[in-house]
Amino acid sequence: MSLRSIVKALIPKKLFRVIEPYGHLLEAILFNLLNGFPARGMKVIGVTGTNGKTSTCFLIQRMMVEAGLQTGLMTTVGWGVGKDINPQIHHMTNVAVPELMQRLKEIKKRGAEWLVLETTSHALAQNRLWGIPFHVAVMTNVTHEHLDYHETFERYRQAKLKLFRLTNRLQKGLRAGVINADDASAELFAKSIANPLTYGLKSGDLQATDVKMTASGSSYEARIQNSEFRIQTKLPTGFNVYNSLAAVGVGHIIGLDKKQIEQGIAALESVEGRMTTVDEGQPFEVIVDYAHTPDSFEKMLKELRPVVKGKIIVMFGSAGRRDKAKRPVQGEIAGKYADEVILTEEADRDEDGNQIMGDIAVGVEKAGKVRDKDLFLILDRPEAIKFALDRAKAGDTVLLLGKGHEKTIERDDREDPYDEIAITHQVLKGRR
């Protein structure tokens, strides 16, 4: 058991919430001093939001690399410099302070002048990012998530807002914010920074028009002031229109030209575990995605529903020791849009996996699904994948959600090796 776990067990929850950020702050100060403030000298672009952070980071970083800028990347999926990206092993976006410092030193040693840093509400609330000079802050959206930790939506939103306040404190150089104008919190974020740039499909300084979406990507026109762009992205679905539009905004702010922005965004082929298609010649679509929030479920399933000719079969779970309130909400959304719902483990940790599935099933059944008819509970995730694929027919779409890029699955007191994409390939090959 870690020291943090012991302290948390010994003192009241409300008191722990108060003192925890100060402990992390002291740790961040100490390790920055010991490591010579490794982020200094780099221009840092922080990306926060409930959904879309990772894809937006990859789009921004690839655009900058294609433009010839030495740019580092730290996200949920991987970290590194340029096109040399190491996989992220931990089940967290912003790693613990000591490892964060080591990665920052390595990225700087490899010549990075810029860093695109995926930034979580936990890390911001806990002061784990102290000492990092943010020059640009990006907000993708703010919806229901992590209320197990933040307790209220307002506390969660204030944690996200802290990225913009940190950026606004910068004494010299670039200091700007890129904000989703179509999000309900847009005005609050725009007011928190000196140089806001908003983007969106419905409104914003930078607005997408003539949007055309296909299974293999999207294209659209974008205009800001006297600049016009014709954007093509290989990342499918409407939320990647927003993600790529955020990248356009960043490119505009840092001074990239039209060609650099357009070619840079078009250059990104995919992001592991984000709408990743698994194809072994089967007559139906199989997609692996990291979607694990009500908002991401709503957007994905609502968008796919009109274009899928056959059935939508969705398989997912919900993490143990995390936001319990979202479980029935996700279940109801899945039950509303999908034809069949298969519930399974995600990372049960020390919670009862059957109880977690039962919590989700309440929402699925509320949407009208019936157990053992179009709602199935299979705790073992590889078994659930096989079950989902065996039920699929020509023209159907199978969605395997919640794990995406992750390479382990947390069960009770251990982490077992796990690769959703590789397992899905293996099961599909076995069907031949």
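- Between Met63 and Gln260 the shortest side-chain heavy-atom distance does not fall below 4.5 Å.
- Looking at Glu410, its side chain never comes within 3.5 Å of a backbone N or O of Ala347 through a donor-acceptor pair.
- Summarising the local packing, NZ of Lys302 is surrounded by 12 or fewer heavy atoms from other residues, nucleotides or ligands at distances under 6.0 Å.
- Side-chain contact between Met213 and Asn240: absent, with no pair of heavy atoms (C-beta onward) separated by less than 4.5 Å.
- Minimum heavy-atom separation, Ala222 to Leu206: CB-CD1, 4.0 Å.
- In this structure, Thr198 contributes its side chain and Ala181 its backbone to no donor-acceptor pair below 3.5 Å.
- Listed for the Arg223 side chain is no donor-acceptor partner under 3.5 Å among the backbone atoms of Glu228.
- Minimum heavy-atom separation, Ile423 to Pro382: CD1-CG, 4.3 Å.
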Would Leu104 and Ile132 satisfy side-chain contact (heavy atoms from CB on, under 4.5 Å), going step by step from the backbone distance to the final call?
CA-CA 10 Å; Leu104 287 170; Ile132 296 176; 4.2 Å; yes

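- A donor-acceptor pair is defined here as one N or O able to donate and one able to accept, closer than 3.5 Å; no such pair exists between the side chain of Asn86 and the backbone of Gly80.
- The shortest non-hydrogen separation linking Lys326 to Ser318 is CE-OG, 3.8 Å.
- With 3.5 Å as the limit, one finds no donor-acceptor pair spanning the side chains of Lys160 and Asn141.
- Within the model, atoms CZ of Phe134 and CG of Leu163 stand 5.5 Å from one another, a figure rounded to the nearest 0.5 Å.
- Asp380 places a side-chain N or O within donor-acceptor distance of the main-chain N or O of Glu383, the cut-off being under 3.5 Å.
- A salt bridge (charged side-chain N to carboxylate O under 4.0 Å, His left out) with Asp350 holds for exactly one of Arg411, Arg322, Arg321; it is Arg321.
- Judged by distance alone, the side chain of Glu27 and the main-chain N or O of Val97 form no donor-acceptor pair under 3.5 Å.
- For the atom pair CD1 (Ile179) and NZ (Lys191), the distance works out to 12.0 Å, reported to the nearest 0.5 Å.
- Contact detail for Pro98 and Phe31: the closest heavy-atom pair is CG-CZ, 3.7 Å.
- Remark: the Arg157 side chain and the Ser185 side chain contain an N/O donor-acceptor pair separated by less than 3.5 Å.
- Between Glu99 and Arg103, some side-chain heavy-atom pair lies under the 4.5 Å cut-off.
- A salt bridge does not link Asp339 to Arg391: none of the charged nitrogens lies less than 4.0 Å from a carboxylate oxygen.
- In this structure, the side chains of Thr54 and Phe58 come closer than 4.5 Å at one or more pairs of heavy atoms.
- In this structure, Asn35 contributes its side chain and Phe37 its backbone to no donor-acceptor pair below 3.5 Å.
- For the pair Arg62 and Glu66, the salt-bridge criterion is met [side-chain N within less than 4.0 Å of a carboxylate O].
- The side-chain heavy atoms of Leu73 and Val65, taken from C-beta on, include no pair separated by under 4.5 Å.
- Side-chain atoms of Asp182 do not come within 3.5 Å of backbone N or O of Gly200 as any donor-acceptor pair.
- Heavy atoms from other residues, nucleotides or ligands lying under 6.0 Å from CZ of Arg40 number 12 at most.
- Met275 is not listed as a side-chain neighbour of Leu235, based on a closest heavy-atom distance of 4.5 Å or more.
- Ser244 and Tyr220 make their closest contact through OG-OH, 2.8 Å (heavy atoms, listed as atom of the first residue, atom of the second, distance).
- Heavy atoms from other residues, nucleotides or ligands lying under 6.0 Å from CD of Glu221 number more than 12.
- No side-chain donor from either of Ser296 and Tyr290 sits under 3.5 Å from a side-chain acceptor of the other.
- Under the 4.0 Å criterion applied to side-chain N and carboxylate O atoms, Glu272 and Lys407 are assigned as salt-bridge partners.
- Residue Thr48 forms a side chain to side chain contact (heavy atoms under 4.5 Å, CB included) with just one option from Thr140, Leu124, Thr120, Thr56, and that option is Leu124.
- Of the listed residues (Val278, Thr276, Leu400), just one forms a side chain to side chain contact (heavy atoms under 4.5 Å, CB included) with Glu420, and that residue is Leu400.
- Between Leu301 and Leu399 there is a side-chain heavy-atom pair separated by less than 4.5 Å.
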Go through the steps to decide whether Thr76 and Glu118 satisfy the test side-chain contact (heavy atoms from CB on, under 4.5 Å), and finish with yes or no.
CA-CA 7 Å; Thr76 308; Glu118 185 174 350; 2.9 Å; yes

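- No more than 12 heavy atoms of other residues, nucleotides or ligands shown are found within 6.0 angstrom of NZ on Lys386.
- One finds no salt bridge joining Arg381 and Glu345 here, because no Lys/Arg side-chain nitrogen approaches an Asp/Glu carboxylate oxygen to under 4.0 Å.
- Judged by distance alone, with hydrogens and angles left aside, the side-chain atoms of Glu340 form no donor-acceptor pair with the main-chain N or O of Ile313 at under 3.5 Å.
- Taking both residues in full, the closest heavy atoms of Val341 and Ala338 are given as CG2-CB, 4.2 Å, listed atom of the first, atom of the second, then distance.
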Please report the C-alpha distance between Leu256 and Leu69 in whole Å, then the side-chain angles of each, then the deciding distance to 0.1 Å, and finally whether the side-chain contact (heavy atoms from CB on, under 4.5 Å) criterion is met.
CA-CA 10 Å; Leu256 299 186; Leu69 300 175; 4.1 Å; yes

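- With hydrogens and angles left out, the side-chain atoms of Gln102 and Glu106 include no donor and acceptor closer than 3.5 Å.
- Asn195 places a side-chain N or O within donor-acceptor distance of the main-chain N or O of Arg175, the cut-off being under 3.5 Å.
- In this structure, Arg327 pairs ionically with Asp359, as a charged nitrogen and a carboxylate oxygen lie closer than 4.0 Å.
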What's the verdict on side-chain contact (heavy atoms from CB on, under 4.5 Å) for Thr71 and Ile60, showing C-alpha distance, side-chain angles and the deciding distance?
CA-CA 10 Å; Thr71 310; Ile60 294 169; over 6 Å; no

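- Applying side chain to side chain contact (heavy atoms under 4.5 Å, CB included) to Val398 and the options Leu389, Val314, Ile287 leaves one that passes, Leu389.
- Looking at heavy atoms from C-beta onward, Thr408 lies out of side-chain contact with Arg414 at the 4.5 angstrom threshold.
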